[in-house]
Number of protein chains: 2
Amino acid sequence: MTTTRKSTAGRRPGDSGTRETILDAATAAFLGLGYDGATMRGIARAADVDAALVVHFFGSKDGLFKAVLAAGVDPIRRIAAFADGPDEGLGDRLIRHYLDVWEAPDTSARMTTVLRALALSSSAVELLKGFIGEAVLGPLSGRLNADEAPLRAGLCGAHLAGLSLTRYILKVEPIASLDPGRLAAIVGPCLQHYLSGELGEPPAT
Amino acid sequence: MTTTRKSTAGRRPGDSGTRETILDAATAAFLGLGYDGATMRGIARAADVDAALVVHFFGSKDGLFKAVLAAGVDPIRRIAAFADGPDEGLGDRLIRHYLDVWEAPDTSARMTTVLRALALSSSAVELLKGFIGEAVLGPLSGRLNADEAPLRAGLCGAHLAGLSLTRYILKVEPIASLDPGRLAAIVGPCLQHYLSGELGEPPAT
DNA sequence: CGTTGAACTCAACGCCTGTTGACCTTCCGA
DNA sequence: TCGGAAGGTCAACAGGCGTTGAGTTCAACG
């Protein structure tokens with residue numbers, strides 16, 4: 001027995017979905033503990049795997065977080081579908097697509113992960129900012145033909161972010177329990193106003 | 001020279017406000033880096049002091065964080081003053097009071113610290129919910145004579161929370177750099193619509 | 001059948017963390 | 001005048017962190 005290993009190493013037989021297992025464990029860890037709180041070793045342990053394998057798959061902790069972000073935030077891209085259609089119903093379609101995404105159970109868990117991670121680490125803030133800018137605000141402001149498109153997109157983003165925080169994370173009533181359709185009907189017109197209305201002028205009920 | 005120290009140790013002459021210096025440094029650190037990101041050594045360095053002294057004063061990192069939170073207390077309550085005055089300008093006064101509080105440098109630092117604490121414990125979430133409910137939503141919904149007052153207040157709260165997240169914490173442009181007066185002029189009418197408008201009807205630019 | 005590369009483990013690296021205990025120096029009250 | 005107590009430094013601890021590199025095992029392809 002000169003250099004014989006313990007034989008636990010090496011590739012496993014069959015098609016192991018280890019990568020996905022790790023990703024799930026990482027999602028749960030980031031959700032429960034935040035970016036800094038979650039550790040590579042802990043995630044590896046939860047996935048019943050060596051920490052080095054996590055590095056092997058995702059390169060680094062940052063890479064892993066980005067992968068979680070990409071997987072969790074990927075549904076955000078679905079929101080972009082709201083852009084198809086005439087200008088007039090834009091605000092309404094935006095809020096409906098947005099709510100659709102958040103109401104899906106696993107999706108909302110993933111997105112909550114992202115938001116939670118924000119509170120603990122500043123590096124996560126940079127990551128999320130980049131993603132929001134690229135995946136949501138960019139396409140949105142690109143589609144708008146009104147002036148000050150980035151501002152309009154930012155206002156919508158701020159309103160939607162606040163809605164998520166209130167409804168899905170803090171669960172403040174009565175917003176949290178409100179019927180999605182009703183909420184969309186209420187918020188849609190305001191988004192529309194931000195998108196195409198006269199900024200700084202009263203919406204005039 | 002058996003055990004002679006470098007003579008840098010020992011009590012400093014005069015009345016040194018070292019404790020407060022440390023508290024300030026800690027506030028800044030927690031704000032900029034989050035709980036885990038901020039380090040005892042870093043805080044000590046910023047206060048030009050040894051890390052052990054921080055422990056000496058506050059017991060532990062947890063104790064220091066709690067001290068920072070306790071020092072901040074309740075600038076939120078100042079927002080409640082918006083309620084004085086006629087109904088018509090309510091939305092406008094709400095956003096202006098809200099921005100006033102957040103624009104004050106030390107206040108915003110402290111509030112952001114609290115927000116960051118959210119991820120630490122679910123009790124922090126309860127704390128914030130209580131704060132929001134008591135200081136903003138309560139007075140607001142109590143004052144409104146329209147129907148569905150809690151819902152209206154909740155909508156305003158959601159919008160404002162999103163604004164804080166976007167402007168002060170994530171610092172997403174162009175919202176972050178927007179002139180406060182302009183921002184108030186833009187958002188005020190929408191708040192007003194939530195407060196007294198026809199919910200679910202278009203604001204009709 | 002041989003080779004290549006992907007999957008996987010193991011041991012170790014260097015770094016940074018919060019905390020401790022010993023020690024020193026000044027202030028203040030008895 | 002003298003003795004705590006309070007303010008302050010220093011060196012070191014033990015442990016956790018992300019990451020690395022070498023090594024092993026398996027699957028797939030020519």
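Each chain gets a letter, A, B and so on, in the order its sequence line appears, and its residues count up from 1. Reckoned from all heavy atoms, side chains included, excluding hydrogens, waters and symmetry mates.
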Rounded to whole Å, please give me the gap between CD in A:Glu20 and P in C:dA7.
11 Å
Check the distance between D:dA11's P and B:Arg41's CZ and give it to me in whole angstrom.
13 Å
In terms of the nearest nucleotide of DNA chain D, which residue is placed more toward the 5' end: A:Ser60 or B:Val49?
B:Val49
Choose from C:dG18, D:dG18, C:dT20 the nucleotide whose nearest atom is closest to any side-chain atom of A:Met40.
D:dG18
Kindly indicate whether the side chain of A:Phe58, heavy atoms from C-beta on, has any atom under 4.5 Å from the side chain of A:Leu53.
no
Integer-rounded Å distance: D:dG8 P and B:Phe58 CZ
12 Å
Phosphate contact (D:dG8 OP1 or OP2) by B:Thr18 side-chain N/O below 4.0 Å
yes
For atom CG of B:Asp50 and atom P of C:dT17, their distance in whole Å:
14 Å
Nearest to the A:Ala52 side chain among D:dG18, C:dG18, D:dT20, which nucleotide is it?
D:dT20
Taking any heavy-atom pair under 4.0 Å as a contact, classify B:Ala38: base, sugar-phosphate, or nothing.
sugar-phosphate
Roughly how many Å is it from NE2 in B:His56 to P in C:dC23, rounded to a whole number?
17 Å
Closest listed nucleotide, where the reference is the side chain of A:Val55 and the choices are D:dT19, C:dT17, D:dC17:
D:dT19
Atom CG of B:Leu53 and atom C1' of C:dT20: how far apart are they, to the nearest Å?
14 Å
On the 0 to 90° scale, with breaks at 30° and 60°, tag the A:Phe65-A:Phe30 ring pair as parallel, tilted or perpendicular.
perpendicular
Looking at A:Leu155, is its backbone amide N or carbonyl O close enough to the side chain of A:His159 to form a donor-acceptor pair, meaning the two atoms are under 3.5 Å apart?
no
D:dG16 P sits how many Å from A:Ile43 CD1, rounded?
17 Å
For the CZ atom of A:Arg41 and the CG atom of A:Asp50, what is their distance to the nearest 0.5 Å?
9.0 Å
With the side chain defined as heavy atoms from C-beta on, A:Lys61 is closest, among C:dG18, D:dT19, C:dA7, to D:dT19
Would you kindly give the CG-to-C1' distance between A:Asp36 and C:dG18, to the nearest whole Å?
15 Å
Is a salt bridge present between A:Arg96 and A:Glu103, judged by a nitrogen-to-oxygen distance below 4.0 Å?
no
